[in-house]
Structures are given as C-alpha cells and as structure tokens.
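Note that ligands are numbered from 1 as they come in the structure, with each ligand's atoms numbered from 1 the same way. Because the structure is a prediction, the values reported are computed rather than measured. Only this structure's heavy atoms are used, side chains among them; waters, hydrogens and symmetry mates stay out. One-based numbering along the sequence shown.
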Amino acid sequence: MITDRPLAFGGNRLDRSANRRGDEAWLKTLLAATQSRFVHINADRTVVVDGKLHTGRNGAAREHYLLGIDEAGSAWFACRSEATEDLRDLRGLAVEGLLPGHELSLLAQARSIVHWHERHSFCANCGAATGVKDAGYRRQCPACSAEHFPRTDPVVIMTVRHGDAILLGRQTSWQAGVYSTLAGFVEPGETIEEAARREVLEESGIRSHAYRYVTSQPWPFPSSLMIGLVGEALDRDIRIDARELEDARWFGRSEVDDMLDGTHETGLKAPPPMAIAHLLMRLAFQPA
Ligand SMILES: [Zn+2]
C-alpha cells in the first residue's frame, strides 16, 4: 500500500467470533457486560461526541447485532439509533480521518448490518415477521422457516490502460472537476472479469481484457464490496453512454499524478485518498 493512510472502511481488527454467534447464553452475558461497546447507526450516520465515537449503551434499541470482540476482550455491538444530535456522516468521517481506521471499519460493518435488518423485518418468502438469529447474521421466519442472510453486493471498479494512458470518466452528479475509475455492480451469473469488461464497454465503448485484481474496499452505502481491478484496453475509441457518464477520456501519467496530488493546472481532481479509486489511479501506471 503506497498511500499515507490506508483505504477507509477496511482493516477491521475485531474477532468476529462467527463460530459462537449461535450461543444465546454467551450473547446475553456480553450484552449485559459493563465493558461492552455499542455503535449507534442512524442511516449513513453515527454519533460522535468531542471528536470521539460514542459507544455508550442504547437503552432504546430493540435489537443488537454483534460486531465482534476487541483485543481487550470487550464485545462491540451495532444498534439502530434515533439520535438527532452529534450525528456524523460516515463518508465525511472517512475523508476527514477524524477517527482511527479500525473504528471506521467497524462502523462500515455496523452500518451495513443495521441497514439490512431495517429492511428485513418481514419474510421475503411469505411476509411474516422474522426474528434475529446468530447475533444478527441471520433472520429466520417462524411461519415458513425461510432463512435470510445479510447481503454484500460486489461492485467492480476499474481503470483500463492503453500504452501510456488510462481511462477515466465522470458522472454529472459528481463534484466539479472530479474524474475517476469506472464502476458497476456484478450481475447474477457473471464473473468479476466479465463484469469489468461489460461495464467498461457499456459506459465508454472501450473493449478491454487482461484484468488483474489489485485490492478491495468495503463501501457501506449500504453494503457494497468494491473489487479493484486494472485491465488493458484494446483500442482508444471512446463512445460514452450519456446515461451513465458525462465524459470519459484518456489521461497520461503526469496529468493523473497532478490530479492525485491536487496540483492539476485546470483543477481536475481525483477522488480522495480514502477511496479505492484513488489507489487504482496511482497504481495503474505501475508494471503489471
Ligand atoms: Zn416466511
């Protein structure tokens, strides 16, 4: 990793204790323990007081989901919060670097799992109310016995190279001047490489191949896993899909370096260092 700070939302240091999640007595003890910590989630936000993550007990929460056990042996739980004060957006916290990286990573875990529970109170199969099992990693329907599991949605995020340039694009909704890697959800029945080739072709008209995996990043808005790739383009003939992109073009190494460093002469910018797109832009010019 060559960035000063690691990518946001990775680097979770908790022991997730997946093998013990079904032990109801153990969970009950952890929930009652005075040293247990509680991460409060309100949509994309959490509670931060005086620059520190608030981890006090939430008496109003009806359900708690186990995040894991920390090095000191304390359990961390996620819960839904109705708090209206001291709320901070997770993206803002990640860009700002206010909290330690491992706290951002458990916030990502908490945000994704709370979001999933908020939307799975009822069985997708028969409509009956479901109950929490396995410390929050399963919901079970008492009427039809269907089991429901938290989801993670794979997203391919990639740039392609052609000679001494890489392909970047921008969407209309982005901050002015920002160009980034292309990205899209992996579809059912598709490999990672096939998804990357399809997304690049659909969005930019560029045919590509020879993808290599770089790294991945949890992206808890609400539950994506960004799978970072660098591939090779077969041509430079861009034909953008205007529904997906406002613009796409080829960028040389010095221009990309200036965008990454914030010194581009016309103010073009890369995404912030906490995002996998930033790392991919930096690594794309290195030999495979
Ligand atoms: Zn059911």
Side-chain angles (χ1 to χ4, degrees), residues 9-10 12 14-33 36-47 55 57-69 75-84 87 89-90 105-156 183-192 194-195 198-199 216-227:
F9 306 125
N12 197 322
L14 296 179
D15 173 356
R16 294 185 176 227
S17 305
N19 294 338
R20 297 195 69 181
R21 287 174 186 157
D23 185 343
E24 297 282 347
W26 179 66
L27 286 171
K28 213 170 163 182
T29 306
L30 293 180
L31 265 174
S36 291
R37 316 280 294 269
F38 298 85
V39 176
H40 301 236
I41 297 292
N42 181 327
D44 285 355
R45 300 170 299 175
T46 191
V47 180
T55 59
R57 200 168 289 273
N58 179 4
R62 283 179 299 148
E63 295 180 356
H64 295 86
Y65 318 117
L66 181 67
L67 298 175
I69 311 294
W76 288 69
F77 289 92
C79 55
R80 184 178 180 178
S81 170
E82 306 295 339
T84 53
L87 290 167
D89 176 84
L90 265 56
S105 72
L106 60 87
L107 279 171
Q109 182 186 1
R111 189 273 182 274
S112 291
I113 201 152
V114 168
H115 180 273
W116 180 78
H117 282 282
E118 285 175 340
R119 284 155 182 77
H120 290 79
S121 303
F122 296 93
C123 179
N125 187 46
C126 78
T130 57
V132 180
K133 298 288 179 187
D134 294 345
Y137 292 80
R138 179 164 64 97
R139 291 190 81 98
Q140 181 137 20
C141 176
C144 77
S145 300
E147 296 179 305
H148 305 282
F149 298 93
R151 57 187 288 175
T152 297
D153 302 321
V155 173
V156 285
F185 286 103
V186 179
E187 295 191 346
E190 199 170 41
T191 67
I192 290 170
E194 287 163 357
R198 175 182 54 76
E199 284 290 341
S216 61
Q217 180 178 33
W219 195 252
F221 309 106
S223 55
S224 294
L225 176 66
M226 312 299 281
I227 302 166

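Partners of R151 according to the side-chain hydrogen bond (donor to acceptor under 3.5 Å, both in side chains) rule, which considers only residues two or more places apart in sequence or in another chain, are D153. Every residue was checked against the salt bridge (Lys or Arg N to Asp or Glu O under 4.0 Å) condition with R45, not counting sequence neighbours, and none meets it. F38 meets the ring-ring contact (aromatic ring centres under 6.0 Å, His included) test with H64, F77; sequence neighbours excluded.
Side-chain N or O atoms of S36 include none that pairs as donor or acceptor with a backbone N or O of A32 at under 3.5 Å.
Side chains of V186 and V155 form no contact here, defined as non-hydrogen atoms less than 4.5 Å apart.
Protein N/O/S atoms closer than 2.8 Å to the Zn ion (ligand 1), listed by chain and residue number, are C123 SG, C126 SG, C141 SG, C144 SG.
Relative ring orientation between H148 and H120 is described as tilted, the plane-to-plane angle lying within the 30° to 60° band.
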